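Worksheet for the structure shown next.
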Amino acid sequence: MQFARVNDVTIHYQVIGGPADKPVIVFANSLGTDFRIWRDVIVRLAGEFPIILYDKRGHGLSDIGKPPYSIEDHAADLAGLLDLLNVRNAVICGLSVGGLIAQAIYRRRPELVKALILCDTASKIGSADMWNARIAAVEEHGIAIIVDAVMEKWFTPAFRSPENIAFRGYRNMLARQPNEGYAATCASIRDADYTEAAARIAVPTLCIVGDQDGSTPPDLVRKTAELIPGARFEVIEDAGHIPCVEQPEALSDLIRNFINTTNTVGEAQ
C-alpha cells in the first residue's frame, strides 16, 4: 500500500505503471466507496496506460481530515498528490463526487488535466434539502440507516439479487465508510455548483452514465455534457450509478476508445 501526506491529510493511493507515451489515467471514486470499485476496469486497462487510484479524504484508508471541507479541498488533495508524483496532462476519470472533483481540479489547475471522463456525475448534483436530510440521518443514526436506499440508486435490480455475493460486498463497503467523512463529503457535494464553469472546459471530455442510474440520471448527465463544448455523451446499458462495477467491460472500452482517438499525450516523470 502507498500513502502520502497532502494538505495535512494522509492519502491512500496506488500507482500502476504503463507506457511512457500514454497519458496517465487518474481514477476518482464515488461517495461512500474506496478505490476498489475500479478493480474490474483496472485489470482491463493495466499495461495499456499508467494508472493512479486514490481514496479521497474521509474514505477508505485516507484520513478523514477536519470537516467541514469542500469539493475544492478534495481537488486540492488530488492536485497535491499529482504534484508529489510529478504528473501533468493526466486524464481525470471521476465517478459521481469524483466527477465534481475532476471539474474542480480542471478549474483550479488546468495544467494537470489533458482530458476529462465524467462518469455518472453532473455540474451540480442534488438539492440542498436532499443532502441536508441525508447528512442529518447519518449524523444521528450512522450510515447503516441509508444503505438500502442508496443501494437502489447505485445498482440495477438484477445486480441487487440476493444470490449476488458481490452486491453484499459493495453494500459492506458503503456501510463501513467513516460516518464523519461521509457526512462531510455530502456537504461538499451540496455546496458545489460547476454549471457556469462547465462552459469553460476546453479539453476533450467524455460524459458517461448508466441507463438505470438513480443518483445522477441520464438526462442530468446529458445536460452536463451539453454545457461542455464538444463533449461526448454515452449511455451504458444495464448499469446503475456505478458502471465500473456492473459493466466494467463496456466502461473500459469507452475509456480506451476515447483516449486512443483523442490527442491526449501525457507527461509523467
Side-chain angles (χ1 to χ4, degrees), residues 7 9 28-34 55-60 62 64-78 92 94-108 116 118-155 173-175 177-201 205 207-210 212-228 231 240-242:
N7 299 324
V9 174
N29 45 286
S30 55
L31 175 68
T33 68
D34 58 52
D55 290 338
K56 61 187 166 292
R57 64 168 67 192
H59 290 70
S62 293
I64 292 173
K66 296 179 180 179
Y69 36 78
S70 66
I71 293 297
E72 297 294 323
D73 294 323
H74 284 296
D77 292 343
L78 178 54
I92 312 294
L95 173 63
S96 191
V97 65
L100 290 172
I101 294 168
Q103 293 170 73
I105 198 170
Y106 175 77
R107 187 172 75 165
R108 67 184 295 139
L116 293 170
L118 304 179
C119 214
D120 297 80
T121 191
S123 57
K124 180 173 177 55
I125 301 175
S127 66
D129 288 346
M130 182 204 81
W131 288 116
N132 287 337
R134 186 179 298 192
I135 291 165
V138 170
E139 288 179 340
E140 183 174 357
H141 303 289
I143 289 179
I145 196 71
I146 66 165
V147 167
D148 289 332
V150 171
M151 290 295 104
E152 292 182 1
K153 296 177 181 294
W154 277 14
F155 298 118
M173 178 183 287
L174 172 60
Q177 297 300 318
N179 293 332
E180 189 178 10
Y182 183 91
T185 302
C186 286
S188 71
I189 299 171
R190 177 197 63 199
D191 298 337
D193 187 346
Y194 293 97
T195 303
E196 292 185 6
R200 296 191 292 273
I201 293 176
T205 302
C207 297
I208 304 170
V209 65
Q212 299 175 55
D213 187 335
S215 295
T216 53
D219 283 349
L220 178 64
V221 180
R222 181 184 291 107
K223 289 176 182 176
T224 297
E226 291 171 350
L227 294 172
I228 301 170
H241 188 56
I242 310 185

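None of these values were measured; they are calculated from a predicted model.
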With sequence neighbours excluded, residues passing side-chain hydrogen bond (donor to acceptor under 3.5 Å, both in side chains) with Tyr69:
none

Contacts of type side-chain hydrogen bond (donor to acceptor under 3.5 Å, both in side chains), residue Asp77, not counting sequence neighbours:
Asn7, Arg57

With side chain to side chain donor-acceptor pair (under 3.5 Å) as the rule and sequence neighbours excluded, what pairs involving residues 138-154 come up?
Asp148-Arg171

Only counting residues at least two apart or in another chain, list the ones meeting side chain to side chain contact (heavy atoms under 4.5 Å, CB included) with Asp191.
none

In Å and rounded to the nearest 0.5 Å, what is the CD1 to CG distance from Ile101 to Leu118?
12.0 Å

Output the distance between atom NZ (Lys66) and atom CG (Asp73), rounded to the nearest 0.5 Å.
12.5 Å

Looking only at non-hydrogen atoms, find the nearest pair between Gly60 and Asp55 and report the distance.
CA-OD2, 3.5 Å

Find the distance between CG (Leu31) and OG (Ser215) and round it off to the nearest 0.5 Å.
8.5 Å

Heavy atoms of Leu100 and Ala192 approach each other most closely as CD1-CB, 4.4 Å

For a quick test of reading the model, state the closest non-hydrogen atom pair linking Gln177 to Gly58 and the distance between them.
OE1-O, 4.5 Å

Distance-only polar pair, side chains of His241 and Asp213, donor-acceptor under 3.5 Å
yes

Considering all heavy atoms of both residues, which atom of Ala104 and which atom of Ala75 are nearest to each other, and what is their separation?
CB-CB, 3.7 Å

Side-chain contact test, heavy atoms from C-beta onward, threshold under 4.5 Å: evaluate it for Ile201 versus Tyr106 and give yes or no.
yes

Between Thr185 (side chain only) and Gly181 (backbone N and O only), is there a donor and an acceptor less than 3.5 Å apart?
yes

Value rounded to 0.5 Å, distance of CD1 in Ile71 from CD1 in Ile105:
12.0 Å

Is the backbone of Glu72 close enough, under 3.5 Å, to the side chain of Arg108 for a donor and an acceptor to pair up by distance?
yes

Answer yes or no: is there a donor N or O on one side and an acceptor on the other, between the side chain of Trp131 and the main chain of Ile125, under 3.5 Å?
yes

Minimum heavy-atom distance between Cys186 and Arg134, given as atom pair plus value:
SG-CD, 3.9 Å

Begin from the C-alpha positions of Arg222 and Val209 and carry the test side chain to side chain contact (heavy atoms under 4.5 Å, CB included) through to its verdict.
CA-CA 8 Å; Arg222 181 184 291 107; Val209 65; over 6 Å; no

Under the 3.5 angstrom rule, does the side chain of His59 hit a backbone N or O of Tyr182 as a donor-acceptor pair?
no

So how far is it from Thr224 OG1 to Gln103 CD, rounded to the nearest 0.5 Å?
7.0 Å

Just how far is it from atom SG of Cys207 to atom CG of Leu227, taken to the nearest 0.5 Å?
9.0 Å

Can you list the residues that meet the side-chain hydrogen bond (donor to acceptor under 3.5 Å, both in side chains) rule with Thr33, with sequence neighbours excluded?
Asn29, Ser30

Filter on side chain to side chain donor-acceptor pair (under 3.5 Å), then keep only pairs touching residues 119-129, sequence neighbours left out; what's left?
Ser123-Thr195

